[in-house]
Amino acid sequence: MNDKIDNAKAKTDVSDGRRAKSGRRAVMKKALPWVVNICRLLLAVTFLFSGFVKANDPLGTSYKLQDYYAAVGLNGFSGWVTLVESVALSFIEFSLGVCLLMGLNRRFVAICTTAFMAVMTVVTLWLAVSNAVTDCGCFGDALILSNTQTFVKNLILLGASLVVLKWSRLQKRFITENNAWLVSTPAMVGIVFYAFYCIYHLPVIDFRPYHVGADLVKLREEPELGSKMTYKLHELDVMDLYILDAETEEDVTDSILYREGETFLLVAPDLTTADEGCAGSINMIYDYALQKGYGFFCLTASDAEAQSHWTDYTGAEYRYYLADERTLKTMVRANPGLILLKDGKVVEKWSNWMMPEVDANIKALALGREAQK
């Protein structure tokens, strides 16, 4: 009798265990699509943001790639090579983000995303251990993370990509495959055009301390304002700006920043690779500044030999002032670039491709007239 009772109880326990297991499977089956699509959306938003900020500042990403190459002993890469790589990287990331968001080519995109994150995770592990490059540049100047934070972020994204890869078919499509090109093609082509626009016209959204509207005097006197005025405390803020007269080696930083009225800063980090095609426009602007009594200072990190070559080749008559190359690259994403200050406040910035024109009578700049009022 007891054996029958025990057998019946055992069968009941087994039945209860099966029902519980079946219940857990049912819950997992319902929850899994949510988990997969949350991971997919996390990856999509991250890739879209990362690709966009790189396209917004292609030269900044190019400089960061040069830092990577220098860290492994490869210093011979041309700036044009890293610039092309920068645009390509922004295109790849943004395109993956678009495909993930829309649920296009789910299996193939999941494989590409996982492979990309695997490589990036290895790279950031190396950075976290060696600190060979202080900032990975994943999100440009929009969001600066430490190398350890970047590695942890990539571990999370790698885990998310593995989830999406294993259950790629559970990704929900927001648009049919037949109509996908209507969204994906304009987005992918648009990000490339946007990147080239930002190369020619400077970044549309400037996350650096020297953005248009920044009061360099206030930032220099009250650096804690940097987080409010530039969205964050930048590694190279205005406190790092240190300018020397190339001839006398006198510190002229304050005399330039605190100068009243309009002041032109011609920023040329490297005169040996600077665009000589805009030299004529620069010379006209220099003559215009002299007539108006405005300040004009050429800031560079190049040595006397490069300065002499630039003067001989372009006919420049302005003096040179020395500053840190990295700081100059932070000030304006061009070589050379032009900054117009008024009472220490950034009024306008131009790239070498878009230098302002001076009319025949040298009366006014085609751009920046508001600053002259």
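Numbering of residues begins at 1 and proceeds along the displayed sequence. Keep in mind that the numbers below use all heavy atoms, side chains included, and drop hydrogens, waters and symmetry copies.
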Engineer: Can you list every side chain to side chain donor-acceptor pair (under 3.5 Å) pair that touches residues 149-158, not counting sequence neighbours?
Structural biologist: Thr124-Asn154, Ser146-Gln149
Engineer: Assess, by modelled atom type and distance only, whether the side chains of Ser50 and Glu93 contain a donor and an acceptor separated by less than 3.5 Å.
Structural biologist: yes
Engineer: State, with a plain yes or no, whether a side-chain heavy atom of Lys292 is found less than 4.5 Å away from one of Glu262.
Structural biologist: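 Lys292 does not reach Glu262 side chain to side chain.
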Engineer: If you draw a 6.0 Å radius around OH in Tyr258, do more than 12 non-hydrogen atoms from other residues or ligands fall strictly inside?
Structural biologist: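 Yes.
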Engineer: Hydrophobic cluster membership, with links at side-chain heavy-atom distances under 4.5 Å among I/L/V/M/F/W/Y: are Ile92 and Val119 in one?
Structural biologist: yes
Engineer: Heavy atoms, side chains only, cut-off 4.5 Å: are Lys172 and Arg40 in contact?
Structural biologist: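 Yes, close enough: below the 4.5 Å cut-off.
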Engineer: Do Val332 and Trp350 have side chains that approach each other closer than 4.5 Å (heavy atoms only, starting at C-beta)?
Structural biologist: no
Engineer: For Asp141 and Arg333: C-alpha separation, side-chain torsions, deciding distance, then whether salt bridge (Lys or Arg N to Asp or Glu O under 4.0 Å) applies.
Structural biologist: CA-CA 12 Å; Asp141 290 307; Arg333 297 299 200 206; 2.8 Å; yes
Engineer: If I compare all heavy atoms of Tyr68 with all of Cys136, which pair ends up nearest, and what's the gap?
Structural biologist: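 The answer is OH-O, 2.9 Å.
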Engineer: For Thr113 and Phe47, run side chain to side chain contact (heavy atoms under 4.5 Å, CB included): C-alpha distance rounded to whole Å, both residues' side-chain angles, the deciding distance at 0.1 Å, then the answer.
Structural biologist: CA-CA 9 Å; Thr113 302; Phe47 274 87; 3.9 Å; yes
Engineer: Heavy atoms only: give me the nearest Lys54-Gly137 pair and the separation to one decimal.
Structural biologist: NZ-O, 3.9 Å
Engineer: For side chain to side chain contact (heavy atoms under 4.5 Å, CB included), just list the numbers for Met188 and Phe94, CA-CA rounded to whole Å, side-chain angles, deciding distance to a tenth of an Å, and then say yes or no.
Structural biologist: CA-CA 7 Å; Met188 294 174 187; Phe94 195 82; 5.6 Å; no
Engineer: So if you build clusters from Ile, Leu, Val, Met, Phe, Trp, Tyr with side-chain heavy-atom gaps below 4.5 Å, do Phe139 and Phe151 land together?
Structural biologist: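 Per the 4.5 Å side-chain linkage, Phe139 and Phe151 are not co-clustered.
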Engineer: Using a cut-off of 6.0 Å, state whether more than 12 heavy atoms not belonging to Tyr197 lie near its atom OH.
Structural biologist: no
Engineer: Taking the side chain as C-beta and beyond, is there a heavy-atom pair between Met102 and Ser184 under 4.5 Å?
Structural biologist: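 A side-chain contact is absent here, since even the closest heavy-atom pair is not under 4.5 Å.
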Engineer: The criterion is side-chain contact (heavy atoms from CB on, under 4.5 Å); which residues satisfy it with Cys278, sequence neighbours excluded?
Structural biologist: Asp275, Ile282, Pro336, Asn352, Met355
Engineer: Answer whether the closest heavy-atom distance between the side chains of Ile205 and Phe52 falls below 4.5 Å.
Structural biologist: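 They are in side-chain contact.
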Engineer: Answer yes or no: is there a donor N or O on one side and an acceptor on the other, between the side chain of Gln171 and the main chain of Ser168, under 3.5 Å?
Structural biologist: yes
Engineer: With a 4.5 Å limit on heavy-atom distance, are the side chains of Val212 and Val347 in contact?
Structural biologist: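 They are not in side-chain contact.
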Engineer: Under 4.0 Å between a Lys/Arg side-chain N and an Asp/Glu carboxylate O for Asp206 and Lys349?
Structural biologist: yes
Engineer: Considering all heavy atoms of both residues, which atom of His309 and which atom of Glu276 are nearest to each other, and what is their separation?
Structural biologist: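 That would be NE2-OE2, 3.9 Å.
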Engineer: Mind running salt bridge (Lys or Arg N to Asp or Glu O under 4.0 Å) on Arg326 and Asp67 for me, showing each step along the way?
Structural biologist: CA-CA 11 Å; Arg326 186 175 290 270; Asp67 289 343; 3.2 Å; yes
Engineer: For the side chain of Ser86 and the backbone of Pro58, is there at least one donor-acceptor N/O pair under 3.5 Å apart?
Structural biologist: yes
Engineer: Find out if a path of hydrophobic residues (ILVMFWY) with successive side-chain heavy-atom gaps under 4.5 Å connects Leu100 to Trp34.
Structural biologist: no
Engineer: Could you tell me which residues satisfy side-chain contact (heavy atoms from CB on, under 4.5 Å) with Ser308, sequence neighbours excluded, listed by chain and number?
Structural biologist: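 By the side-chain contact (heavy atoms from CB on, under 4.5 Å) rule, Ser308 matches Asp312.
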Engineer: Side chains of Ser62 and Thr82: is there a donor and an acceptor less than 3.5 Å apart?
Structural biologist: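 On atom types as modelled, these side chains qualify, holding a pair under 3.5 Å.
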Engineer: Can you tell me if Tyr194 and Asn56 form a side-chain donor-acceptor pair at under 3.5 Å?
Structural biologist: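 Asn56 and Tyr194 do have a side-chain donor-acceptor pair below 3.5 Å.
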Engineer: Please state whether the rings of Phe296 and Tyr318 are parallel, tilted or perpendicular, taking 30° and 60° as the class boundaries.
Structural biologist: tilted
Engineer: Would you check if Trp310 and Tyr320 make a side-chain contact, meaning some heavy-atom pair closer than 4.5 Å?
Structural biologist: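 Heavy-atom side-chain distance check passes, below 4.5 Å.
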Engineer: Is there side-chain contact between Glu348 and Ile339, with heavy atoms separated by less than 4.5 Å?
Structural biologist: no
Engineer: Is the closest side-chain donor-acceptor distance between Glu250 and Tyr321 under 3.5 Å?
Structural biologist: no
Engineer: Are the side chain of Asp303 and the backbone N or O of Ala306 linked by a donor-acceptor pair below 3.5 Å?
Structural biologist: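 It does hold such a pair.
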